[in-house]
Amino acid sequence: MIGWITAVLATGAAAFLLWALAKDRPQDLPWTPLDLGEPIGLFTGRKLGALTANFPQCRALLTSAGVNYLILPPRDDGERCGYADGVRFVQGGARRIDFRPANLGVACPVAAALASWEWNVAQPAAQKHFGSRVTSIDHFGSYACRRIYGRDAGTWSEHSTADAIDIAGFRLADGTRITVMGDWNGQGAKAAFLRDVRDGACKLFATTLSPDYNAAHRDHLHLDQANRGSAGWRACR
């Protein structure tokens, strides 16, 4: 019985590899190098998460993809707060979406995921639902030295290392504004757009939380790159 199960698993694994190679999609294979210029693959999210332990590789990937950025000075605020892999997007290059407020600083793996999210998720979703493009994203910030939900004790938030960002809304070239707070519960194109960008974020970030999760996220999408290892669990709600 055990031998039969092993054979079935081996056959399935071989079939999967042949399928991925036949489709010429290296991003669907776990051992191929990450390329931010490629479409999202089955293992893209896990490869992005692994960048939390490799700042030089993350910077190289941003540069290779044509993303303009500045390296932020390391920050140490004691306990578990601070970062040594912070970057700030600079205008120009391959990215086209601005962030409001400006001068957003995030951990490099979050920046890499945001770039892929722009190219593969946010812009296609905007074209699909509105025939327009996203020009800017409204956010509630990234770095904040605090525990989850601002509690006095318990698990530290990924915001405490700039490995998270809270997205509040989107502005399109045609003047359309979409907010998580105002449009998530609607029935039209805005609500559909927000669900598309949420679902796409789930493929790129270790954690994606929306108003479907709880009331604390009623006005934003929480996206983070928690370092849970290459085989760690991922959250999408």
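None of the values given here were measured: they were computed from a predicted structure.
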Linked, directly or transitively: [X] and [Y] (ILVMFWY side chains, under 4.5 Å):
X      : Y      : value
Leu48  : Leu42  : no
Leu72  : Val110 : no
Phe43  : Phe205 : no
Phe130 : Trp119 : yes

(request) Among Ile, Leu, Val, Met, Phe, Trp and Tyr joined by side-chain contacts under 4.5 Å, find the other residues sharing a cluster with Met181 and list them by chain and number. (result) none
(message) Connecting only ILVMFWY residues whose side-chain heavy atoms lie within less than 4.5 Å of each other, what is the rest of Leu70's hydrophobic cluster?
(response) Val90
Any donor-acceptor pair under 3.5 Å linking the side chain of [X] with the backbone of [Y]?
X      : Y      : result
Ser132 : Asp174 : yes
Arg171 : Ser136 : no
Arg95  : Ile97  : yes
Ser116 : Ala113 : no
Thr208 : Arg198 : no
Gln225 : Ala206 : yes
Asp85  : Ala107 : no

Below 4.5 Å, heavy atoms only, C-beta onward: do [X] and [Y] meet side chain to side chain?
X      : Y      : value
Ser210 : Leu194 : no
Asp219 : Val180 : no
Leu104 : Ser142 : yes
Cys108 : Thr52  : no
Cys145 : Trp156 : yes

At what distance, to the nearest 0.5 angstrom, does [atom1] of [X] lie from [atom2] of [Y]?
X      : Y      : atom1 : atom2 : result
Leu29  : Lys47  : CG    : NZ    : 7.0 Å
His217 : Leu209 : NE2   : CG    : 4.5 Å
Glu158 : Arg80  : CD    : CZ    : 5.5 Å
Gln27  : Thr32  : CD    : OG1   : 7.5 Å
Arg133 : Thr176 : CZ    : OG1   : 12.5 Å
Ile71  : Arg88  : CD1   : CZ    : 12.5 Å

(request) Could you check Val121 against Asp196 for side-chain contact (heavy atoms from CB on, under 4.5 Å), going step by step and ending with a plain yes or no? (result) CA-CA 8 Å; Val121 179; Asp196 280 356; 5.8 Å; no
(message) A cation-pi test, strictly: NZ or CZ of Arg75 under 6.0 Å from the centre of the six-membered ring of Tyr143 and no more than 45 degrees from its axis. Yes or no?
(response) no
Please give me the minimum heavy-atom distance between [X] and [Y], naming the atom from each residue.
X      : Y      : answer
Asn120 : Ile40  : CB-CD1, 3.7 Å
Thr155 : Arg147 : O-CB, 3.4 Å
Asp28  : Arg25  : OD2-NE, 2.6 Å
Val134 : Ala126 : CG2-CB, 3.8 Å
Val67  : Ala115 : CG2-CB, 4.1 Å
Val197 : Ala122 : CG1-CA, 4.0 Å

Side chains of residues 55-65: which donor-acceptor pairs under 3.5 Å do they make with residues two or more places apart or in other chains?
from	atom 1	to	atom 2	distance (Å)
Gln57	OE1	Asn54	ND2	3.3
Thr63	OG1	Arg59	O	3.1
Thr63	OG1	Tyr69	OH	3.1

(message) List the residues meeting side chain to side chain donor-acceptor pair (under 3.5 Å) with Tyr83, not counting sequence neighbours, and say none if there are none.
(response) none
(message) If the condition is side chain to side chain donor-acceptor pair (under 3.5 Å), which residues does Asp224 pass it with, not counting sequence neighbours?
(response) Thr207, His222
(request) Using the side-chain contact (heavy atoms from CB on, under 4.5 Å) rule, take Ile137 and Leu114 through it: C-alpha gap first, then chi angles, then the decisive distance, then the call. (result) CA-CA 11 Å; Ile137 293 175; Leu114 286 172; 5.9 Å; no
(request) On the 0 to 90° scale, with breaks at 30° and 60°, tag the Phe89-Phe99 ring pair as parallel, tilted or perpendicular. (result) parallel
Would you be so kind as to tabulate the donor-acceptor pairs closer than 3.5 Å made by side chains of residues 182-193, with sequence neighbours excluded?
from	atom 1	to	atom 2	distance (Å)
Asp183	OD2	Thr179	N	2.9
Trp184	NE1	Asp212	OD1	3.1
Lys190	NZ	Arg177	O	3.0

